[in-house]
Structure formats: C-alpha cells, structure tokens
Amino acid sequence: MILGGKTRIIRPLYVNRPLKPRKIDLLKYFDTIFESQIYTNDGPLVRELEERITNYLGVKHCVLITNGTLALQMTLNALELKGEVIVPAFTFIGTANALKWQGLTPVFCDIDMSTYNISPGHCRELINSNTAAILGVHLWGRTCDIDTLSIMAKEYNIPLIFDAAHAFACGYKNRLLGNFGDAEIFSFHATKSFHTGEGGAITTNDGILAEKLREQRNFGFVDYYMTSTLGINAKMSEFHAAVGLVNLDDFNDSISKSRKNYLLYKELLGAFPEIILIHYNPPHNYHYIVVELSDMAPLNRDELVEVLISENILARKYFYPGCHRMQPYGSLNDFEELPNTDYLATRCMVLPGGSNLKEVEIRNICDVINDAFEYHEKIRKHLSTIW
Ligand code: T4K
C-alpha cells in the first residue's frame, strides 16, 4: 500500500485492544451498584476486587487506585521521599512524571541489554548522598534483576519500588510480581493485560504502608472528620471495580490466548533473522509483542513502522525516544548519553498483540513484513521522497 494499491487489512489492527468484559456479568454487577446506590468511596466491589487480587498475587495488601500514575505518586508520597530517585529512561513517560509531580528529581539510568530493564551496575554508579530511592520498571513484564537491586537498596538503606504497570501475572523465581521491594504498582488501564478501564493498584507486604495508602487515597480521612496525612482523591469507582471483577474471571483464559498468539508470532517471525522477538520466561502474561530490528534488516525500524501503518497495522515505537530526551527532562538534541537506551529506542517496536488478535491477522502482519523486506529498495526510495 505504501507503494500504491489496496491494503489486505480492512480493520485497523491496534497494539493491545482491551479485553472485553462479558456484558451479562457486568450488567449483574451494575444492578448491585444501582441497588445499593454505593458508587464509590471504598465500596464493596472495590474491596472484593482487592481481596481477589491479593489472593491471585499471593501478596498481603492491594490498594486499588484511580490509575497507575497516581499509584506511583501515592507510593512516593507515603514513603516520604525527598531528593533524587534512580529510574530507567527506557520507560513510559508516566514513570518519570510521577517523580516530578512529587517534587523528586528523576536520575536516569541506562538499561541492561539482557532484560531491557534498569542496569544494576549503572544504578550503583548513580547512587549518592541525595539518592532517596530506586524505582525499577518491569518493562513489558520482564522482571528487573530484583535480587541485585534489593541487596543494593538494603546496603544504602533506601526504599526500592517497582513500576509493574505491564507486569500483572508475571513472575520472578516462583513468585508473582507485586511481592517485591517496599511496594509495587500496577496499571489497570484499558490497554493492559488485565484492566478496569482506567485503574491501578499498589501492592505491598508492609501493613503500615498499606494502611497509610488507604487513608491517603481518601483525602487522608481516618474517620468522618479527622485526617492523618496529606491525602488526595485516588479512589477507584465501583463501576471500574466491576469491570475488573468480570475481567479477572476471564483473565487466565485471556493469557492462554495471548500466549498462543505470541508463539505463532515466534514461529512466523523466525523466518526473519533480522527481527528479534523478545523472550518471556513463564509465568508471563504474553501481552506485548515487542521486536528489535537488527542493523542487518533490509528496512530500519522507522521505515518498517511506516509501511505497517500504511497497511492499517498500527505498530508503535514504544518507548522512543526515551524519557531523558523528552520534556521536561531533555530534548531530542539535548540529553544525557545513555548508550543502551539510545540503541534500543531506535530499534524496538511493538506489534499488535494480546488475546483479541486472530490467527489470520498475525499471518497477514507477517506477510506484510515479508513483502516490505522484499521490496525494501523501492520502499526506501519512496520514503526518501516524502521524509
Ligand atoms: N508505568 C508504565 C511503565 C506505563 O507503561 C504506564 C502506562 C504507566 C506507568 C502509567 O499507568 P496509567 O496511569 O496509564 O494507568 C498508553 C496507555 O495510556 C498507558 O496506560 C500505557 N502505560 C502506555 C504504554 O500506553 P498511549 O498514549 O500510547 O495510548 P493510546 O491511547 O495511544 O493507546 C494505545 C493503543 O491502544 C492504540 O493503538 C489504541 C488502543 N486502545 C487504546 C485505548 C485507550 C484501544 O483499543 N482502546 C482504548 O480504550 O498510552
């Protein structure tokens, strides 16, 4: 299509279409909401979902929050951090922004090429007397080097927090994420493997922290009149919790479908030695189809994304260009050097994935990649006339 003609893909294929909650079950929950007239403020469905998530993850406490960004901010606030926080630049901008909104300074760390996550070696180099905490991100559900980071955090007596926004149902050494560091946060945004439409959670095994977070999410109230802390409104509504309860019933089935789709991609992309599909260790949610293009590929990442978009395959360049090159931290021309981050940010892309994708759609996507590589010279010439 980029060279003319018609695309074979009529329905646009998005990265991570949301899981559809079953309507009948959702309406039953809505009936109970209308019947009780409790719409929000720590209602029964929020409490039920919190209990089911604690059981699912095997963690002691789950505090549901309006979204993942606020979950991060609340955690940073509850830990009363001041100064610098070491965080990878290769993440969604929301991770860094949560720090900035809390008056903290993000100090961008490079990534380890074996995990694409925070490099423990570089992290250690960045620690100084102003370091208030380490914030690791389990990008695409691949786990950070939790053991090394835990030892380091203990050694310097600083909190360790994990942004597990992508990582619901992913595990590390026989335990599901949500159990590590001082606290972990999840995003339950519509695009995540498990979602509540908008939403998030903080999980922790620290009961005092969990109690503080519960008060904090409701303006700091401990009873009708008195507050214990600087609070905010970060409550999840009953309607969002209802979506979560229905989705949780179907979640394991959804993971199986995502895994099947991931494995089909693995088989078909195996035909292209220049495309590396990132590997997942089980347990994993298999939600993201992340590929890295080697420098031997006939088209580079940006060229291939352009071709895919012209064919209605809405691939995304997550997480280009890296937070260190984005406002308010830097710009495309004014940034700190982070060699691994800069390398990956120009070579990685996310293809449509998740449980909604059909086998024929995956086959079509791989056929388009095949054609794009075959006609790479014409495509490159064409793109050079429009870029
Ligand atoms: N930490 C990390 C590591 C994160 O990745 C995120 C969020 C956070 C923290 C913060 O968590 P939240 O505060 O968001 O809970 C999306 C999501 O909005 C964001 O949640 C996510 N990470 C980020 C990676 O992706 P955009 O701006 O790229 O989303 P958008 O609207 O372009 O949607 C992506 C694709 O999904 C589109 O191709 C269309 C499809 N889509 C999207 C929505 C919203 C649907 O099919 N239906 C929908 O309802 O940020």
Side-chain angles (χ1 to χ4, degrees), residues 9 11-21 63-76 85 87-102 106 108-109 111 115-118 135-144 161-168 170 177-178 183-203 217 232 234-237 240 243-244 247 285 287-290 305 308-309 311-323 326 341 344-345 348-357 361 365:
I9 295 159
R11 186 174 77 109
L13 298 175
Y14 298 94
V15 295
N16 307 117
R17 286 302 251 178
L19 180 63
K20 272 190 208 166
V63 183
L64 287 175
I65 301 291
T66 337
N67 58 55
T69 307
L70 259 181
L72 264 174
Q73 284 184 241
M74 298 243 314
T75 307
L76 300 164
V85 175
V87 63
F90 195 52
T91 180
F92 187 57
I93 193 70
T95 314
N97 286 351
L99 294 167
K100 190 86 175 161
W101 274 95
Q102 289 310 122
F108 293 115
C109 189
I111 46 171
T115 60
Y116 294 180
N117 289 325
I118 189 166
L135 172 53
V137 181
H138 303 302
L139 206 74
W140 298 310
R142 300 209 305 178
T143 57
C144 297
I161 308 154
F162 289 109
D163 176 342
H166 304 168
F168 195 72
C170 301
L177 296 179
E184 301 205 56
I185 75 94
F186 292 94
S187 165
F188 297 151
H189 181 259
T191 51
K192 301 299 186 294
S193 60
F194 165 73
H195 76 86
T196 57
E198 282 277 6
I202 306 160
T203 60
R217 81 171 163 190
I232 196 166
K235 290 165 279 144
M236 179 178 277
S237 83
H240 291 86
V243 172
N247 280 343
N285 58 38
H287 190 57
Y288 298 99
I289 305 296
V290 185
V305 167
L308 292 171
I309 288 173
E311 293 276 358
N312 254 343
I313 302 162
L314 306 183
R316 297 288 288 265
K317 302 180 200 176
Y318 291 124
F319 285 98
Y320 171 82
C323 298
M326 293 166 79
T341 303
L344 269 181
C348 262
M349 61 194 250
V350 178
L351 293 170
S355 56
N356 290 325
L357 211 60
E361 292 172 329
I365 291 167

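Only a predicted model underlies this, so the values are computations on that prediction, with no experimental measurement involved. Any value given below was found using the heavy atoms of this structure, including those in side chains, with hydrogens, waters and symmetry copies removed. Each ligand, and each atom within it, is numbered from 1 in the order the structure gives.
Ligand 1 lies less than 4.0 angstrom from a heavy atom belonging to Pro18. Using a 4.0 angstrom heavy-atom cutoff, Leu314 does not count as in contact with ligand 1. The closest approach between any non-hydrogen atom of Gly68 and ligand 1 is below 4.0 Å. Ligand 1 does not have Gly197 within reach: every non-hydrogen atom of the residue lies 4.0 Å or more from it. Glu198 does not count as a contact of ligand 1, since none of its heavy atoms falls under 4.0 Å from the ligand.
Nearest to atom 41 (N) of ligand 1 among the protein's heavy atoms is Thr191 CG2, 4.1 Å. Counting protein heavy atoms only, atom 20 (O) of ligand 1 is closest to Lys192 NZ, 2.9 Å. Summary of contacts: the protein heavy atom closest to atom 7 (C) of ligand 1 is Phe92 CD2, 3.2 Å.
For ligand 1, one of its N or O atoms has an N or O atom of Arg316 under 3.5 Å away. In terms of polar-atom proximity, defined here as any N/O pair under 3.5 Å, Val15 does make such a contact with ligand 1. For the pair Tyr14 and ligand 1, the shortest N or O to N or O distance does not fall below 3.5 Å.
The heavy atom nearest to atom 17 (C) of ligand 1, out of those in Gln73, His138, His189, is found in His189.
A heavy-atom distance below 4.5 Å is not found between the side chains of Pro88 and Thr341. At a threshold of 4.5 Å between non-hydrogen side-chain atoms, the residues Leu351 and Leu308 count as touching. Inter-residue side-chain proximity for Phe108 and Val87 is flagged as met; some heavy-atom pair is nearer than 4.5 Å. At least one side-chain heavy atom of Val15 sits under 4.5 Å from a side-chain heavy atom of Tyr318. Side-chain contact between Tyr116 and Cys348 is present, with at least one heavy-atom pair separated by less than 4.5 Å. You'll find the side chain of Thr196 stays beyond 4.5 Å of the side chain of Asn247, heavy atoms only. At a threshold of 4.5 Å between non-hydrogen side-chain atoms, the residues Cys323 and Thr95 do not count as touching.
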CA sep, side-chain torsions, deciding dist, call: Ile202, Ile65, side chain to side chain contact (heavy atoms under 4.5 Å, CB included): CA-CA 7 Å; Ile202 306 160; Ile65 301 291; 3.9 Å; yes
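Just one of Asn285, Val350, Thr115 meets the side chain to side chain contact (heavy atoms under 4.5 Å, CB included) condition when paired with Trp140; it is Val350.
Listed by number with element, the atoms of ligand 1 under 4.0 Å from a non-hydrogen atom of Ala165 are 1 (N), 2 (C), 3 (C), 4 (C), 9 (C). Short contacts between ligand 1 and Arg17, defined as distances under 4.0 Å to a heavy atom of the residue, involve ligand atoms 45 (C), 46 (O). Of all atoms in ligand 1, numbered sequentially from 1 with element shown, those under 4.0 Å from a heavy atom of Gly199 are 15 (O).
Within the 4.0 Å heavy-atom criterion, the part of His166 lying near ligand 1 is the side chain and not the backbone. Here Thr91 has side-chain heavy atoms under 4.0 Å from ligand 1, and that is the only part of it that gets that close. Looking at Tyr318 against ligand 1, only its side chain comes within 4.0 Å, counting heavy atoms.
Under the 4.0 Å distance rule, the nearest protein heavy atom to atom 31 (O) of ligand 1 falls outside the cut-off.
The aromatic rings of Tyr288 and His166 are tilted relative to each other, their planes meeting at an angle between 30° and 60°. Ring geometry for Phe90 against Phe319 counts as perpendicular: the plane angle is over 60°, on a 0 to 90° scale with 30° as the lower cut.
Crowding of Lys100 atom NZ: a count of heavy atoms from other residues, nucleotides or ligands under 6.0 Å not exceeding 12.
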